[in-house]
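When reading the values below, keep in mind they use all heavy atoms of this one structure, side chains included, and skip hydrogens, waters and symmetry mates. For the single chain, residues carry numbers from 1 onward in sequence order. Note that the structure is a prediction, hence the values are computed from the model and not measured.
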Amino acid sequence: MFYVIKNNNLYEYGDNVNRAWEYPAEAKELSGVDVATFEENRDKYAISDGLLVDISNTEEYLAAAAAKVKGTRISEIKEELNALDLKCIRALREGGTDDDGVPYLEKFQAEISELRAELNSLQ
């Protein structure tokens with residue numbers, strides 16, 4: 001992939017340098033990366049000293065990626081808890097038991113307890 005950096009910003013990039021570019025003489029090459037891969041993983045690259053560098057192995061990037069995964073999981077847990085709350089309301093109103101004789105309300109409460117414990121460990 002070829003790219004041009006102006007004023008510490010990625011100005012233009014592409015798989016090849018051609019006449020359509022405004023600054024073909026200033027294009028630098030980032031080998032081993034094509035435009036599609038770059039666009040999918042744009043956050044893995046940063047500008048350093050006028051060059052585009054892969055930062056995916058740095059502590060900062062790994063910490064940010066871990067925080068993103070953690071945030072996603074927290075959101076998933078909250079959605080699951082909301083869905084279970086609705087199931088609990090229905091179980092209170094209608095009652096009923098599972099195939100193995102466990103009341104639905106008890107089953108949902110056990111799931112909620114597990115999810116709340118996981119949520120507390122993440123926060």
Side-chain angles (χ1 to χ4, degrees):
M1 182 182 96
F2 295 89
Y3 63 93
V4 174
I5 293 177
K6 291 281 187 191
N7 299 325
N8 218 28
N9 289 318
L10 184 62
Y11 184 72
E12 54 194 23
Y13 60 92
D15 280 330
N16 56 27
V17 178
N18 59 36
R19 284 182 242 159
W21 281 36
E22 291 187 37
Y23 303 99
E26 297 177 25
K28 299 176 181 89
E29 184 175 6
L30 182 63
S31 58
V33 179
D34 61 4
V35 170
T37 303
F38 174 73
E39 288 177 350
E40 288 174 13
N41 305 298
R42 207 169 187 163
D43 58 335
K44 289 184 178 184
Y45 300 93
I47 298 169
S48 176
D49 297 325
L51 297 173
L52 196 60
V53 294
D54 184 352
I55 59 166
S56 62
N57 291 324
T58 64
E59 287 182 30
E60 292 172 355
Y61 176 81
L62 295 174
K68 185 176 179 181
V69 168
K70 183 177 171 182
T72 301
R73 182 60 187 144
I74 287 172
S75 295
E76 289 171 353
I77 290 172
K78 288 180 178 181
E79 288 176 21
E80 290 177 44
L81 286 171
N82 286 336
L84 284 169
D85 283 345
L86 292 174
K87 288 180 180 181
C88 284
I89 292 169
R90 178 161 287 163
L92 279 171
R93 191 177 67 215
E94 297 175 6
T97 59
D98 202 355
D99 291 338
D100 53 355
V102 177
Y104 284 119
L105 187 58
E106 216 174 283
K107 176 184 166 188
F108 298 145
Q109 285 301 112
E111 288 180 48
I112 287 171
S113 295
E114 288 176 19
L115 286 172
R116 288 199 190 282
E118 184 181 353
L119 181 61
N120 288 336
S121 72
L122 291 173
Q123 291 180 332

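- F2 places none of its side-chain heavy atoms less than 4.5 Å from the side chain of L30.
- Residue M1 holds its CE atom at 12.0 Å from CG of N16, rounded to the nearest 0.5 Å.
- More than 12 heavy atoms of other residues, nucleotides or ligands lie within 6.0 Å of CG in D100, so this atom counts as buried by the packing criterion.
- With sequence neighbours left out, the side-chain contact (heavy atoms from CB on, under 4.5 Å) criterion links L92 to L105.
- Here the closest heavy-atom approach between residue L52 and residue L10 is recorded as CD2-CD1, 4.4 Å.
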Discussion item. Run the side-chain hydrogen bond (donor to acceptor under 3.5 Å, both in side chains) test on E22 and Y11 for me, step by step, so that the C-alpha distance in whole Å, both residues' side-chain angles and the decisive distance to 0.1 Å come before the verdict.
Written reply: CA-CA 10 Å; E22 291 187 37; Y11 184 72; 3.2 Å; yes
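- Between the side chain of T58 and the backbone N or O of Y61, at least one donor-acceptor pair lies under 3.5 Å.
- Partners of E111 by salt bridge (charged side-chain N to carboxylate O under 4.0 Å, His left out), not counting sequence neighbours: none found.
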Worksheet item: Checking side chain to side chain contact (heavy atoms under 4.5 Å, CB included) for the pair Q109/L84: CA distance, chi angles, key distance, verdict?
Response: CA-CA 8 Å; Q109 285 301 112; L84 284 169; over 6 Å; no
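- For the side-chain hydrogen bond (donor to acceptor under 3.5 Å, both in side chains) test, residues two or more places apart in sequence or in another chain that qualify with T37 are D34.
- Shortest non-hydrogen contact noted between S48 and V53 is CB-CG2, 3.9 Å.
- Contact detail for V4 and A27: the closest heavy-atom pair is CG2-CA, 3.8 Å.
- By the side-chain contact (heavy atoms from CB on, under 4.5 Å) test, E106 pairs with V102, P103, sequence neighbours left out.
- A single hydrophobic cluster is not seen to contain both L115 and I89; linkage of ILVMFWY side chains at heavy-atom distances under 4.5 Å, directly or through other members, places them apart.
- For the pair K6 and E26, the minimum side-chain heavy-atom distance is below 4.5 Å.
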Worksheet item: Going through the checks in order, is the side chain to side chain contact (heavy atoms under 4.5 Å, CB included) test met by Y3 and L51?
Response: CA-CA 9 Å; Y3 63 93; L51 297 173; 3.7 Å; yes
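- The aromatic rings of F38 and Y13 sit perpendicular, their planes meeting at an angle over 60°, well past the 30° parallel limit.
- Residues F108 and C88 share a closest heavy-atom pair of CB-SG, 3.5 Å.
- How far OG of S75 is from NZ of K70: 12.5 Å, rounded to the nearest 0.5 Å.
- Counting non-hydrogen atoms of neighbouring residues, nucleotides and ligands closer than 6.0 angstrom, the NZ atom of K28 exceeds 12 such neighbours.
- Listed by first and then second residue, the salt bridge (charged side-chain N to carboxylate O under 4.0 Å, His left out) pairs involving residues 35-59 amount to none (not counting sequence neighbours).
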Item to complete: Under the side chain to side chain contact (heavy atoms under 4.5 Å, CB included) rule, what do I55 and E60 come out as? Steps first, then yes or no, please.
Response: CA-CA 8 Å; I55 59 166; E60 292 172 355; over 6 Å; no
Practice prompt. Decide side chain to side chain contact (heavy atoms under 4.5 Å, CB included) for I112 and L81; before the verdict, give the C-alpha distance in whole Å, the side-chain angles of both, and the deciding distance to 0.1 Å.
Written response: CA-CA 6 Å; I112 287 171; L81 286 171; 4.0 Å; yes
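- Every pair passing side-chain hydrogen bond (donor to acceptor under 3.5 Å, both in side chains) that includes a residue from residues 77-92 is listed here, sequence neighbours excluded: R73-E80.
- In terms of hydrophobic clustering, with Ile, Leu, Val, Met, Phe, Trp and Tyr side chains grouped at heavy-atom distances under 4.5 Å, V33 and I5 are assigned to a common cluster.
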